[in-house]
*Asks:* 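One structure is given below, represented as structure tokens, and several questions about it will come after.
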Amino acid sequence: MVIIAVLRGHGIFCLAHSAKIVQSVQLMLDIRLLRENPDSVKARLATRGPGYESAVDAVLALDVERRSAETNLQGLQAERNRLSKEIGKLRAAKQDSSALEAEVKARSAEMQVLTEKSEKLAADQHGLLLNIPNLPQPGVPVGADASANPVIRVWGEKPAVASPRDHVAIAESLGLIDPDRAVKISGSGFACYTGAGARLERALLNFLLDLHTREHGYTEVSPPFLIRRECMVGTGQLPKFEDDMYGVDGGGLFLAPTAEVPVTNLHREEILQPAQLPIKYAAYTPCFRREAGSAGRETRGLIRMHQFDKVELVKICLPENSDAELESLTADAERVLQLLGLHYRTIVLCTGDMGFGSAKTYDIEVWAPGQNAYLEVSSCSNFEDYQARRMNLRFKGDKNRFCHTLNGSGTALARLYVALLESGLQPDGSVVLPPALHPYFGAEVIKK
RNA sequence: GGUGAGGUGGCUGAGUGGUCGAAAGCAGCGCUUUGCUAAAGCGCCGUAGUCCAAAAGGCUACCGAGGGUUCGAAUCCCUCCCUCACCGCCA
């Protein structure tokens, strides 16, 4: 009984929501852009991978059909409205209107058919548009996968660690984490920090929030962690990536996969004044991700978790400023690693490796000696108006125009934790912390 | 969880079946008056879709969402969502 009720509730919600989306064609990519420059759109999408050309063609074919159906329907509606007004006048004059009423009624079936046809065409077109990602910016390097991501900056050098060890071994020997008991509570993929380990996590959080709010000009936000479905659609996690999300309450609410979702959606459905922009928010939230399909990949220790802490930076700005805002956002994130003295490199994601809604993305990767590898700790993206369209986030110009949105990790905590332990490891097994953390942690060294 | 009240344009707020896309006010834009400011007067002022090569202009849809009744729905009916108030419970 309970399950049936929950499923029904979910289904109703989905239907209601998709119908709402269909009403507004101003979503995802601008359909006008597709109509007016199909070849250029196709060429840019082709750099992401194969298959989008046919999707664009399909969208455009439906577009022609849909508009034709709508035009026909609108003609009938106009006629109905005209006759109904006649009926009103006749009745007001106490005259017989039954002939006109019969005439209008006789057309209702035809109108019904056309209405359904045009709604179906709009829904089909919308469904196809949902599966078309954002257009990469012209300057983004073209490539098929992560191997084609150019390194554009390197900071610092790989630290001289005498005999590198994995962070799990380091953390366990120092009593910083309790993996076995974390499994007892929640299963694999969850961390339990203990003692100095928990204090280090808290120290990092405070350090990051203080840095971004006091020195980089971000406003601190502490948002809800449970998020409504339409907000998940707004930033692009849904509907395509629902399998990666944790849903609760029968699918009505989702655990935040990143603070990007609640924070960017703060201004959804709003019309902002240009003088308010740019808006810059920094927020800490835990992040919950199913990591479906990633079993066996980087699953060691703290590197890939179902729950991890992250401080996220979010910007809402004028379209003409978003390129520059991405550069400064990335610089703000890099500053974290510089202050912690951690060696890192910054790469620009090539067209084939970029996220679905992004127009340009920089990844920041920190060096982890125990892994002998770079770990992604931040991903900074300019979404241009892709998310703003989904959440109807505009600003007042000559007319209402869509804002640009950006976000970047500032940074993810767990992998930062890994890099700190593995980079600060001393021959005696203790870990030396960078000076910037001393006041937050209350000590310079973590030892037994 | 219980009870009650509500959801109308950028905002406030009228509107219980027929020129209502929606009064009025505020905010905004333009013009006039004015030494500046302030004030006053006049006009304009929702969103989206669609037709037209385009402009001008026309048409359609939208009063929380979905469905229903009707020739015609902001207005009547049903379902859902949300907000607020009070009570209960509780960190």
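Here is how names work: the chains are called A, B, and so on, in the same order as the sequence lines, proteins then strands, and each is numbered from 1. The basis for the numbers below is simple: all heavy atoms, side chains too, and nothing from hydrogens, waters or symmetry mates.
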*Asks:* Between A:H438 and A:F207, is a ring-ring contact (aromatic ring centres under 6.0 Å, His included) present by the stated rule, with each step listed?
*Replies:* CA-CA 10 Å; A:H438 296 172; A:F207 163 70; over 10 Å; no

*Asks:* Below the 4.0 Å mark, does B:G49 have OP1 or OP2 next to a side-chain nitrogen or oxygen of A:R32?
*Replies:* yes

*Asks:* Quick one: which residue pairs count as a side-chain hydrogen bond (donor to acceptor under 3.5 Å, both in side chains) with a foot in residues 180-202 of chain A, not counting sequence neighbours?
*Replies:* A:D178-A:R181

*Asks:* In whole angstrom, give me the gap between the P atoms of B:U19 and B:A61.
*Replies:* 14 Å

*Asks:* Could you provide the dot-bracket string of RNA chain B, using ( ) for intrastrand pairs, [ ] for crossing pairs and | for bases paired to another strand, with Watson-Crick or G-U pairs below 3.5 Å?
*Replies:* ((((((((.[[[..)..(.....]]].(((((.......))))).((((((.....)))))).[[[[[..)....]]]]])))))))....

*Asks:* Got a donor-acceptor contact below 3.5 angstrom from the A:Y362 side chain to the A:S378 backbone?
*Replies:* no

*Asks:* Sort me out a list of protein N/O and nucleotides 18-20 of chain B N/O pairs below 3.5 Å, or just none if empty.
*Replies:*
{"unit_1": "B:G18", "atom_1": "O6", "unit_2": "A:R91", "atom_2": "NH1", "d": "3.1"}
{"unit_1": "B:G18", "atom_1": "N2", "unit_2": "A:S84", "atom_2": "O", "d": "2.8"}

*Asks:* Of all residues at least two apart in sequence or in a different chain, which pass the salt bridge (charged side-chain N to carboxylate O under 4.0 Å, His left out) check with A:E260?
*Replies:* none

*Asks:* Has A:S430 got a side-chain atom pairing as donor or acceptor with A:K447's backbone, closer than 3.5 angstrom?
*Replies:* no

*Asks:* Provide, to the nearest angstrom, the distance between the CZ atom belonging to A:F395 and the C1' atom belonging to B:G10.
*Replies:* 16 Å

*Asks:* Which is more 5' along RNA chain B, the nucleotide nearest A:G75 or the one nearest A:N392? Just name the residue.
*Replies:* A:N392

*Asks:* List the steps and the verdict of side-chain hydrogen bond (donor to acceptor under 3.5 Å, both in side chains) for A:E70 and A:Q74.
*Replies:* CA-CA 6 Å; A:E70 281 181 13; A:Q74 286 175 6; 4.5 Å; no

*Asks:* Looking at A:R66, I'd like to know whether one of its side-chain N or O atoms comes within less than 4.0 Å of OP1 or OP2 on B:U50.
*Replies:* yes

*Asks:* Does a side-chain N-to-carboxylate-O contact under 4.0 Å join A:E101 and A:R91?
*Replies:* yes

*Asks:* Start with the C-alpha gap between A:H216 and A:R335, add the side-chain angles, then the distance that decides, and say whether side-chain hydrogen bond (donor to acceptor under 3.5 Å, both in side chains) holds.
*Replies:* CA-CA 10 Å; A:H216 296 156; A:R335 184 99 191 291; 3.2 Å; yes

*Asks:* Determine: side-chain N/O of A:N81 to OP1/OP2 of B:U60, distance under 4.0 Å, yes or no.
*Replies:* yes

*Asks:* Given the C1' atoms of B:A74 and B:G2, what is the spacing between them in whole Å?
*Replies:* 31 Å

*Asks:* Hey, which sits more toward the 5' end of RNA chain B by its nearest nucleotide, A:R394 or A:S108?
*Replies:* A:R394

*Asks:* Evaluate the ring planes of A:Y218 and A:H212, with Trp represented by its six-membered ring, and classify them as parallel (under 30°), tilted (30 to 60°) or perpendicular (over 60°).
*Replies:* perpendicular

*Asks:* I'd like to know if the side chain of A:R390 and the backbone of A:V233 have a donor-acceptor N/O pair within less than 3.5 Å.
*Replies:* yes

*Asks:* For the P atoms, the ones on B:A23 and on B:G10, what distance do you get once it is rounded to whole angstrom?
*Replies:* 14 Å

*Asks:* Please set out all donor-acceptor pairs under 3.5 angstrom arising from side-chain atoms of residues 312-323 of chain A, sequence neighbours excluded.
*Replies:*
{"unit_1": "A:E312", "atom_1": "OE1", "unit_2": "A:K310", "atom_2": "NZ", "d": "2.6"}
{"unit_1": "A:K315", "atom_1": "NZ", "unit_2": "A:E325", "atom_2": "O", "d": "3.0"}
{"unit_1": "A:K315", "atom_1": "NZ", "unit_2": "A:E325", "atom_2": "OE1", "d": "2.7"}
{"unit_1": "A:K315", "atom_1": "NZ", "unit_2": "A:S328", "atom_2": "OG", "d": "2.7"}
{"unit_1": "A:S322", "atom_1": "OG", "unit_2": "A:P319", "atom_2": "O", "d": "3.4"}
{"unit_1": "A:S322", "atom_1": "OG", "unit_2": "A:N382", "atom_2": "ND2", "d": "3.0"}
{"unit_1": "A:S322", "atom_1": "OG", "unit_2": "A:H404", "atom_2": "ND1", "d": "2.8"}
{"unit_1": "A:D323", "atom_1": "OD1", "unit_2": "A:Q137", "atom_2": "NE2", "d": "3.0"}

*Asks:* Write down the distance separating the C1' atoms in B:G4 and B:C90, rounded off to the nearest Å.
*Replies:* 23 Å

*Asks:* Write down the distance between CD (A:E270) and C1' (B:C11), rounded to a whole number of angstrom.
*Replies:* 13 Å

*Asks:* Report, one pair per line, the protein and nucleotides 51-58 of chain B atoms (nitrogen or oxygen only) whose separation is under 3.5 Å.
*Replies:*
{"unit_1": "B:C51", "atom_1": "OP2", "unit_2": "A:R67", "atom_2": "NH1", "d": "3.3"}

*Asks:* Just the rounded figure in Å: distance from P of B:U60 to CG of A:N72.
*Replies:* 15 Å

*Asks:* Nearest whole angstrom, please: distance from the P of B:U50 to the CG of A:L114.
*Replies:* 16 Å

